[in-house]
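Order of appearance sets the numbers: ligands from 1, and atoms from 1 within every ligand.
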Amino acid sequence: MEAFLLALLTLTLLVNSTFCQNLQIHFYNTSCPQAEIVSKNISTQFFTADPSLPAGLLRLQFHDCWTRGCDGSVLIDSTEQNIAEKEAPPNLTLRGFEVIDAIKAVLEKECQGIVSCADILAMATRDGCAFAGGSAYDLKTGRRDGTISIMSEVNMPGPSFSVSEALANFEAKGLDLDDLITLLGGHSMGFAHCGFFLDRLYNFDGSGQPDPTISPNTLQTLLNACPQSLESNTNVSLDPKVFINQDTSTPFKLDSSFYQAVLAAEAVLQLDQELAFGNSTLPVVNDYVAKPDNFRKKFAKAMIKLTEVQVKTGQEGEIRLNCSVVNPVGSPNSAPSLAPSPN
Ligand code: HEM
Ligand SMILES: *[C@@H]1O[C@H](CO)[C@@H](O)[C@H](O)[C@H]1NC(C)=O
Ligand SMILES: *[C@@H]1O[C@H](CO)[C@@H](O)[C@H](O)[C@H]1NC(C)=O
Ligand SMILES: *[C@@H]1O[C@H](CO)[C@@H](O)[C@H](O)[C@H]1NC(C)=O
Ligand SMILES: *[C@@H]1O[C@H](CO)[C@@H](O)[C@H](O)[C@H]1NC(C)=O
Ligand SMILES: *[C@@H]1O[C@H](CO)[C@@H](O)[C@H](O)[C@H]1NC(C)=O
Ligand SMILES: *[C@@H]1O[C@H](CO)[C@@H](O)[C@H](O)[C@H]1NC(C)=O
């Protein structure tokens with residue numbers, strides 16, 4: 001009996017030591033020393049050609065981490081047997097996939113089967129944030145790729161959530177109110193499509209009126225961009241978009257201008273505007289407006305937390321060879337069969 005327990009203990013320790021390898025700074029410094037520099041080189045070429053891409057990647061990162069952890073599962077395409085995360089309604093216009101694919105293609109040539117798609121997304125997002133004027137945070141790597149991506153599991157917070165609803169959603173991922181307020185600062189750059197805030201423009205809460213909290217100028221801009229006829233639009237590609245941060249001449253800069261918009265009643269999304277109204281949120285908003293450097297520092301910290309949500313490490317998952325496709329079962333790089341089945 002004792003021998004059995006000892007064996008069990010040894011086995012547990014062994015399994016733990018194999019499975020609990022943590023993320024590390026420069027995880028690839030021996031296995032693929034050029035991973036970070038190649039990734040940055042390629043992503044920077046994309047950002048230079050299209051300065052809006054860091055915003056696309058930042059949102060993609062958030063969505064990846066929210067369903068089954070930061071495991072690259074948002075990158076997986078649907079197959080005949082499976083409808084992937086990408087197809088979920090809130091995916092609307094997720095973008096930046098081409099940046100990940102381009103980096104992956106080069107890294108597969110140089111270090112085959114070594115660098116995960118989840119890490120490539122995390123590196124490109126970090127470099128995008130820095131390109132957009134944020135701080136370059138110390139990103140740990142060593143994420144493994146997930147093998148499961150299921151549309152029905154996507155559970156993103158919605159733009160009409162209250163702060164407390166969004167907070168509950170964040171807390172389920174181990175993030176707190178400060179992280180929520182700070183990461184919403186990502187809405188200082190990029191786009192929002194009309195479908196995400198149309199409910200505020202014509203018939204807010206069934207009132208037949210616009211949301212009374214929107215400033216008159218912003219309301220006019222949004223009404224012009226989003227005609228009421230869009231209420232019957234179901235085709236995402238026909239949905240117009242506006243800058244998600246109305247209070248800036250630098251729509252692709254990651255900075256504290258978002259919080260100024262919130263104070264000026266110029267936030268496009270209802271949840272964003274709510275940050276101005278709560279006792280628990282307004283002091284932080286005021287602080288970021290007064291001290292932009294606080295925002296920079298805390299955003300970087302919150303990104304590190306975000307990119308470590310439910311990561312797979314060690315022997316978990318796999319290193320996908322093509323970020324859009326799970327490795328074929330039984331191929332040298334495929335996940336061990338003890339991986340949970342997608343049912
Ligand atoms: C708390 C809940 C959040 C909600 C409800 C929310 C909602 C939205 C919505 C509706 C859009 C517009 C998407 C489109 O029209 O294409 C958007 C865009 C964006 N979100 Fe969020 N978001 C949230 C949190 C975050 C977080 C945590 C980040 C990252 C730190 C983030 C970064 C972005 C960025 C950068 C864009 C612009 C995307 C682009 O230009 O393609 N959001 N968000
Ligand atoms: C990477 O290099 C640093 C020193 O430059 C070292 O401390 C660290 O252990 C290395 N990490 C890995 C994963 O090899
Ligand atoms: C970055 O890419 C360019 C063009 O592909 C190449 O000429 C250059 O050597 C690369 N630089 C680094 C540091 O990898
Ligand atoms: C997002 O989902 C829609 C269906 O809801 C799908 O048509 C579209 O291709 C998806 N977008 C991406 C980028 O995968
Ligand atoms: C949506 O609109 C795009 C652009 O006009 C068009 O190419 C596409 O066929 C439309 N999709 C559907 C399902 O109607
Ligand atoms: C705001 O905070 C004050 C005390 O700091 C408290 O008395 C009040 O009830 C709070 N209001 C709301 C709406 O939470
Ligand atoms: C990755 O897989 C997708 C979907 O099957 C395919 O369209 C694409 O060409 C593949 N990319 C590479 C580099 O093989």
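Hydrophobic clustering (side-chain heavy atoms under 4.5 Å, transitive across Ile, Leu, Val, Met, Phe, Trp, Tyr) keeps Phe191 apart from Leu57.
Where the criterion is an N or O separation shorter than 3.5 Å, residue side chain and backbone included, Asp77 fails it with respect to ligand 7. At under 3.5 Å, not a single nitrogen or oxygen of Ser52, backbone or side chain, sits near a nitrogen or oxygen of ligand 1.
Not a single heavy atom of Asn169 sits less than 4.0 Å from an atom of ligand 1. Ligand 1 is approached by Arg95 to a heavy-atom distance shorter than 4.0 Å.
Listed by number with element, the atoms of ligand 1 under 4.0 Å from a non-hydrogen atom of His193 are 14 (C), 15 (O), 16 (O). Annotation for ligand 7: atoms under 4.0 Å from non-hydrogen atoms of Val325 are 2 (O), 4 (C), 5 (O). With ligand atoms numbered from 1 in the order given, ligand 1 contributes 1 (C) to contacts under 4.0 Å with heavy atoms of Leu180. Interface of Pro157 with ligand 1, defined as ligand atoms under 4.0 Å from a residue heavy atom, comprises 1 (C), 2 (C), 5 (C). Using a 4.0 Å cut-off to heavy atoms of Pro159, the atoms of ligand 1 that qualify are 5 (C). For ligand 1, the atoms closer than 4.0 angstrom to any heavy atom of Met189 are 35 (C), 37 (C). Counting the atoms of ligand 1 from 1 in the order shown, those under 4.0 Å from a heavy atom of Gly158 are 5 (C). Counting atoms of ligand 1 from 1 in the listed order, those under 4.0 Å from a heavy atom of Leu269 are 7 (C), 8 (C), 9 (C), 10 (C).
In this comparison of Phe170, Phe299, Phe161, the heavy atom closest to atom 1 (C) of ligand 1 sits on Phe170. For the residues Phe191, Phe62, Phe196, the heavy atom positioned nearest atom 10 (C) of ligand 1 is part of Phe196.
Contact check for Ile319 versus Ser116: side-chain heavy atoms found under the 4.5 Å cut-off. With a 4.5 Å cut-off on side-chain heavy atoms, Leu175 and Lys305 count as touching. The shortest side-chain heavy-atom distance between Ile214 and Phe204 does not fall under the 4.5 Å cut-off.
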Residue pair Glu85, Ser73: steps toward the side chain to side chain donor-acceptor pair (under 3.5 Å) verdict: CA-CA 7 Å; Glu85 287 171 27; Ser73 55; 2.7 Å; yes
Given side chain to side chain contact (heavy atoms under 4.5 Å, CB included), test Tyr137 with Arg126 step by step and report yes or no. CA-CA 7 Å; Tyr137 42 92; Arg126 179 219 27 216; 3.6 Å; yes
Any chance you could lay out the side chain to side chain contact (heavy atoms under 4.5 Å, CB included) test for Ile114 and Leu107, step after step, and finish with the verdict? CA-CA 8 Å; Ile114 300 291; Leu107 288 180; over 6 Å; no
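Applying the 4.5 Å side-chain rule to ILVMFWY residues, one finds Ile76 in the same cluster as Val326.
A donor-acceptor pair is defined here as one N or O able to donate and one able to accept, closer than 3.5 Å; no such pair exists between the side chain of Asp145 and the backbone of Cys323.
Counting heavy atoms closer than 4.0 Å to ligand 1, residue Gln61 contributes nothing at all. Contacts with ligand 1 closer than 4.0 Å are made by no heavy atom of Leu94, backbone or side chain.
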Anything under 3.5 Å between an N or O on ligand 5 and a protein N or O? List each pair with its distance, or write none.
from	atom 1	to	atom 2	distance (Å)
ligand 5	2 (O)	Asn235	ND2	2.4
ligand 5	11 (N)	Asn235	ND2	2.7
ligand 5	14 (O)	Asn235	ND2	3.2

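Taking atom 21 (Fe) of ligand 1 as reference, His187 places its N/O/S atom NE2 nearest.
Contact record, Asn169 with Pro157: OD1-CD, 3.6 Å, taken as the closest heavy-atom pair.
The pair Lys104-Asp101 does not count as a salt bridge, with every side-chain nitrogen at least 4.0 angstrom from each carboxylate oxygen. With salt bridges taken as basic N to acidic carboxylate O contacts below 4.0 Å, one links Lys312 and Asp71.
For Lys301, the NZ atom sits in a loose shell: 12 or fewer heavy atoms of surrounding residues, nucleotides or ligands are nearer than 6.0 Å.
By the 30° and 60° cut-offs, the orientation of the rings of Tyr288 relative to Tyr259 is perpendicular.
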